[in-house]
K.L.:
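Sharing a structure, written as structure tokens. Questions coming.
Naming: A, B, ... by sequence-line order, numbering from 1 per chain. Hydrogens, waters and symmetry mates are skipped; everything else that's a heavy atom, side chains included, is used.
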Amino acid sequence: DTGVSQDPRHKITKRGQNVTFRCDPISEHNRLYWYRQTLGQGPEFLTYFQNEAQLEKSRLLSDRFSAERPKGSFSTLEIQRTEQGDSAMYLCASSGRGGNYEQYFGPGTRLTVT
Amino acid sequence: DQQVKQNSPSLSVQEGRISILNCDYTNSMFDYFLWYKKYPAEGPTFLISISSIKDKNEDGRFTVFLNKSAKHLSLHIVPSQPGDSAVYFCAASAIYNNNDMRFGAGTRLTVKP
């Protein structure tokens, strides 16, 4: 399977705990994106990497959120001091070089904060 | 701010008939539009796209129409099949900032046998 993969698929955590999610993009893709999706809504853009550089962050990405892509391959999204409002599906997507605008999504990580 | 709107949360169609899903946008800087399909427990899957230099793009049973003056696009599925039952998201981006793609809230399509 050469698609985008995410781990874990589900995460239940208690409020105040830290969580980290991983995304492995399609291998030849240099762009990687994180989105958040809540019930009844479409995905909302969080942040974007081109290779290892984080080039853009949404205002939705509070100080408790941090994302990395250290070697330009896989990426991690960490949420510190989780709150119940962080409960959502976290989606990762990747896209290729040049003018290829189609983003290919992973299956997502569903986070539940209790 | 909801720059991409899908005003119909659900649509039910008989197998073999046409499904028409609609999407409106407000940002005139958007010039690239995409449709994604999402099954339960899976991420969105890219379906079809159109740039603002075109008003129609066709791929098999799927056709996307773009009306720039009305800031409206639609996805036509003909003929509809039960396997098309899914949530369909409309998305839009601007060439100058194609990394910030905005999605609509989605339309749940049910195709009845």
K.L.:
Can you name the nearest heavy-atom pair linking B:P44 to A:P43, along with the distance?
P.N.:
CG-CG, 4.4 Å
K.L.:
Measuring from A:Y104:OH to B:Y36:OH, what's the distance to the nearest 0.5 Å?
P.N.:
7.5 Å
K.L.:
Do B:I48 and B:I77 share a hydrophobic cluster (ILVMFWY, side-chain heavy atoms under 4.5 Å, transitive)?
P.N.:
yes
K.L.:
Let me check something: do A:V19 and A:W34 share a hydrophobic cluster, defined by ILVMFWY side-chain heavy atoms less than 4.5 Å apart, either directly or through other members?
P.N.:
yes
K.L.:
Is it the case that one hydrophobic cluster holds both B:V78 and B:L66, taking links as side-chain heavy atoms less than 4.5 Å apart, direct or via other members?
P.N.:
no
K.L.:
Go through the atoms of A:R9 and report whether side chain, backbone, both or neither lie under 4.5 Å from a heavy atom of chain B.
P.N.:
side chain
K.L.:
What distance do B:K38 atom NZ and A:L91 atom CG have between them, rounded to the nearest 0.5 Å?
P.N.:
7.0 Å
K.L.:
Within a reach of under 6.0 Å around CD of A:E68, are more than 12 heavy atoms found that belong to other residues, nucleotides or ligands?
P.N.:
no
K.L.:
For residues A:I79 and A:M89: do they belong to one hydrophobic cluster (side chain heavy atoms under 4.5 Å, members Ile, Leu, Val, Met, Phe, Trp, Tyr)?
P.N.:
no
K.L.:
Looking at CD of A:E102 and CE of B:M101, how far apart are the two atoms once the value is rounded to the nearest 0.5 Å?
P.N.:
9.0 Å
K.L.:
With a 4.5 angstrom heavy-atom cut-off, which part of A:Q37 approaches chain B: side chain, backbone, both or neither?
P.N.:
side chain
K.L.:
Could you state the interatomic distance from CD (A:Q103) to OG (B:S49), rounded to the nearest 0.5 Å?
P.N.:
12.0 Å
K.L.:
So with a 6.0 Å cut-off around CG of A:L55, is the heavy-atom count from everything else above 12?
P.N.:
yes
K.L.:
Taking the six-membered ring for Trp, are the ring centroids of A:F105 and B:F46 within less than 6.0 Å of each other?
P.N.:
no
K.L.:
Grouping I, L, V, M, F, W and Y whenever their side-chain heavy atoms are under 4.5 Å apart, do B:W35 and B:L11 come out in a common cluster?
P.N.:
yes
K.L.:
Determine, step by step, whether B:F103 and A:F45 satisfy the ring pair (Phe, Tyr, Trp, His ring centres under 6.0 Å) criterion, reporting the C-alpha distance in whole Å, the side-chain angles of both residues, the deciding distance to 0.1 Å, and the verdict.
P.N.:
CA-CA 9 Å; B:F103 284 80; A:F45 170 79; over 10 Å; no
